[in-house]
Structure formats: C-alpha cells, structure tokens
Number of protein chains: 2
Amino acid sequence: MTHSQAEENYLKAIFSISEKEGKAASTNAIAAMMQTTAASVTDMLRRLSEKNLIAYEKYRGVTLSESGHKVATALIRKHRLWEVFLVDKLGFTWDEVHEFAEQLEHVQGDALVNRLDQFLGNPKFDPHGDPIPDAQGRWTHRPQALLSTLQTGDRGVVTGVEDHTTAFLQYLDQQGLALGASLEVIERFPYDHSLRVRTHGDRELVLSEKVCQNLYVRTLNT
Amino acid sequence: MTHSQAEENYLKAIFSISEKEGKAASTNAIAAMMQTTAASVTDMLRRLSEKNLIAYEKYRGVTLSESGHKVATALIRKHRLWEVFLVDKLGFTWDEVHEFAEQLEHVQGDALVNRLDQFLGNPKFDPHGDPIPDAQGRWTHRPQALLSTLQTGDRGVVTGVEDHTTAFLQYLDQQGLALGASLEVIERFPYDHSLRVRTHGDRELVLSEKVCQNLYVRTLNT
DNA sequence: ATATTTTTTTTGACTTGTCTAAAAATAATA
DNA sequence: TATTATTTTTAGACAAGTCAAAAAAAATAT
C-alpha cells in the first residue's frame, strides 16, 4: 500500500508532535506544524483513520497506529539518509539540505533507500546529529544532554542540535561549532544563563541561554 | 515558476512525441503515452496552453513553446543524471532504474541537479546511451545507426538502445551486449532480416530483426 | 459530394486536498 | 454551576486531475 505525499507529511507531523509532547497530537498542533488550517487537518485525520494509520477520537487528539508508526519511521529514515548524501557526497552544508530532503523522502521503493544506506556506509546519524533508524525501524540511542545543563568544569563534544533553522546552523558555523567539536564550560553567568566555554585551539566563546538550550553534547567524564 | 508533476509529465510526453514524429503531438498520441484518456489530455492541454507552455490549436495538435521546451529538457536532464547515479553509484542495473528516475526527476532545485552532475563527473550519456543535456539545455550529438542498417563486414560499437523495456535490456545482458561492446556483421539473412554477428572473444550471435532495429551502434571505418 | 469512420472536445461527475465561515463540543473561569 | 473562551468539527465551496459518455470536427471512403 502506498500513500500520498500529503498523507505521509501528516504522519510525520503526528509522529514528531506525539514524541515531543509525550501524548496524543491535537488538531491545532498538527495544523500549526503543517502550516494549514484545523479544518483541513480534521478532514485528513478522518482519511488517515479510515486507512487505519492513526487512532482518532473526535475532540481527543490522535496517535499513530502500528502501521502509521512504520510509515513515519521509514520517512524519517529516508529523509536523514538523503541528508547524509547531500552533505557527504554532494558537498552541501548542513543548513542547505532540509528542503531537498523533504522532497527526496517521498521517493518510493525500498531497494533505493537500502542501496543508498549501503552506499553511504550505513550511517547512524544525519548531518545534524539526529539518529537514522535502520531498515527494521530500530533507533540508535546515544547519551546526550543540552549544553545548558552542564556545570562549570564539565567537558563535552557537540553531538546535535535541537533547533534546525538555517539561522542557528549558520551561527554555529561562524562560531566553529560543528558536530564533534569539543567544549569545556569555563564559567556560568546566572544573570542571563549564558556560558563561557573553551573550545578547540583554546578559543573562548560566550554562548547565550538560547544557544545552550539548542545544542546537544555528549559529556566526557574527566 | 513551478509546475505540478502531472504538468511536467505531459510536457515530457509532448517533447518525446514531437521529436519522434517530427510534427505536432496529437491528443490521442499523448493519451496513449501517458496511459490516460483523450478527455483528460484535452483538459490538460487547455491548462498548459494558459500557462504558455505549449502552442495549442483545437483539433490541430500541440507543440512545446520555448518555456515548455526548457522545462522538458530540464526534466530529461534530471532523469538521466539520476539514472547515472543509480547505476554508477548505487549499483543498480540499467533495467532497474527507470521507475526511480521517474520520481527523482520531479525533485525541484537547480543546485541539486547541478551538484549531482558534478559529483557524477558531468556525464554526457546515461546508462542506456541516451544523451544528457547540459545546464544550458545543449545536447551532445554522436553519430550512430541502427544495427539493422549495417552491411556484411561492417564493424561497430554498441552505443545505445531504442527500446528501453526491461525485457530487451535483460536480453542484451544475457547476450553480453552491454554499451561499448564491439560487433562485426558476419552474415545477413534476407529471409527474416536477422544478422549473424561476431562480438568480443570471437563469440558469434544471431540477432533477430527486432533486436537489430532496437540497437544503436557507432560504425567503425575499417 | 455524401456517408462513414476516426479523432477530438465537451459535459457532467468523482477524488484529493485545500479553504472560510459557522456550529458544536470541550475546557477554563467566574 | 453557569458563563465564557478555546478547540474542534461540520458545511459548503473551490482547484487540480481524473474518467465515461455524448457531441462535434476532421479525415476517409464510397
């Protein structure tokens, strides 16, 4: 069974909302994420429900069924593998690839995504540090924490971002903070929750609360 | 300006019919190629005409406008570059790639196709020997003739196929007739227009009229 | 030149996905 | 608990793309 691109995008949105909020996704939350109206969402929920891709009770929000969960996972797998391709093979930067991957993720055919996976060396994480589920939908978990939770003296390695906007990614590039960059917290400023950190080459940076709340690090036990 | 996938597919069909027949494409010819009805085609021709992508006169067939020609050429470029990617990089065979390329050709974004072109080494021909237009829409021409036109004693190198069906491509694989294979015509059978040819390793094959009319060769002056 | 066949277009209907405006249900507050 | 505010659904409409059946135009044959 194959689904329309619109249906696939709704399933992805429901997946991401349910995961982040830890509960059923509301009509309004879905409408906000899809940049559409609540009326359109209700319509689509009815259709997805008829196809048994979601569990839907009127006024009570929606969760993915097992088959809906599989479709969403496969989409995320494709999206992230194509992002690896675009960055590793075609030389795009991590802030340029989202729109292309949004289109490429809808290309149908298991053989394609699996060959792509193999060609890329079966990567476990995409260029933003997000995990790539394998062909069976299994995720690789990795301990990481927001930089904002580290204490003075703690050290860590950048593993991912919470905010995927171009503006944030380009800011990180300017600061030399790519994935894998190592950091040590030198000083915390309680006044505005900014941090001074030392990074590669003993360079020191001051990072705002907003930045620290959108940057994941794997902490190193010193 | 961006066009729907349906519109793009119609433009491609009109391009290919006009080129093969050397005249305006008829409603029925388009319907046959698109596997749809004449009524649907008439409807779409009206829309494409409103967008100035085609020159359309009722009952008189249709030709591409300059902008329609550009769109069709760009699509063919994308289709064929993705086919090169699928064969050269992902290891698919030449009979497996058409359906994937039909989807991939609709992915939007000039940067993507141009980076892909570069990554593949700016190939001039796809895995079936068909020419790939460059970013400006210029085609590489190459002298080639159908094998059926060769005379006894003529030698040539396989450069392409007229028939792109899986059945034909797999038949050629079985006979060891990949692109680049060299051939010499040993004998012609006027009765059924079949040919006996010698190929690599002094192997001899008898090829039917149908095969010879679907295989292009570059003739070698002996 | 007229009749017949073929091709093309028109008509009306259906599906998917979208929207605005209004109604209904739920949640929040007094 | 009654009222208000928010969320969600319904109703009706529209655009894109499709189809079958009927009508019109063009091509062909007599």
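Chain A is the first sequence line, chain B the second, and so forth, proteins listed ahead of strands; every chain is numbered from 1.
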Problem set entry | Test side-chain contact (heavy atoms from CB on, under 4.5 Å) applied to A:A31 - qualifying residues, sequence neighbours left out | A:V41
Seminar exercise, completed: The ring-ring contact (aromatic ring centres under 6.0 Å, His included) partners of A:F92 (sequence neighbours excluded) come to A:F100
Exercise. Hey, are A:E83 and A:H128 close enough side-chain-wise for a donor-acceptor pair under 3.5 Å?
Worked result: yes
Exercise. Quick one: A:N9 CG to C:dT16 P, roughly how many Å, whole number?
Worked result: 17 Å
Exercise. Between C:dG17 atom P and A:E8 atom CD, what is the distance in whole Å?
Worked result: 11 Å
Problem set entry | Sequence neighbours excluded, every pair satisfying salt bridge (Lys or Arg N to Asp or Glu O under 4.0 Å) that has a member inside residues 89-101 of chain A | none
Problem set entry | Strand-adjacent residues in residues 24-43 of chain A, judged by heavy atoms under 4.0 Å from DNA chain D | A:S26, A:T27, A:N28, A:A38, A:A39, A:T42
Exercise. What residue pairs, at least two apart or across chains, pass side chain to side chain donor-acceptor pair (under 3.5 Å) with a residue in residues 131-149 of chain A?
Worked result: A:D134-A:R138, A:Q136-A:R138, A:Q144-A:T159
For this session: Specify the separation, in whole Å, of atom CG of A:L45 and atom P of C:dG17.
Result: 13 Å
Name the pairs: protein N/O against N/O of nucleotides 24-26 of chain C, kept only if under 3.5 Å.
{"from": "C:dA25", "atom 1": "O4'", "to": "A:Y59", "atom 2": "OH", "distance (Å)": "3.3"}

Seminar exercise, completed: Sorted by number, residues from residues 46-55 of chain A placing a heavy atom under 4.0 Å from DNA chain C are A:R47
Exercise. So does A:K210 pair up with A:D163, basic N to acidic O under 4.0 Å?
Worked result: no
For this session: Provide the full list of side chain to side chain donor-acceptor pair (under 3.5 Å) pairs with a residue in residues 43-60 of chain B, sequence neighbours left out, each pair given once.
Result: B:E7-B:K51
Seminar exercise, completed: Sequence neighbours excluded, the answer for ring-ring contact (aromatic ring centres under 6.0 Å, His included) partners of B:H79 is B:H98
Problem set entry | Listed partners of A:H3 passing ring-ring contact (aromatic ring centres under 6.0 Å, His included), at least two apart | none
Exercise. According to a strict under-4.0 Å criterion, is B:Y56 in side-chain N/O contact with OP1 or OP2 of C:dT8?
Worked result: no
Exercise. For A:F15, which residues count as a ring-ring contact (aromatic ring centres under 6.0 Å, His included) partner, sequence neighbours excluded?
Worked result: A:H69
Seminar exercise, completed: Sorted by chain and number, sequence neighbours left out, side-chain contact (heavy atoms from CB on, under 4.5 Å) with A:D110 holds for A:N114
For this session: In whole angstrom, give the distance that lies between atom CD of A:Q5 and atom C1' of C:dT18.
Result: 16 Å
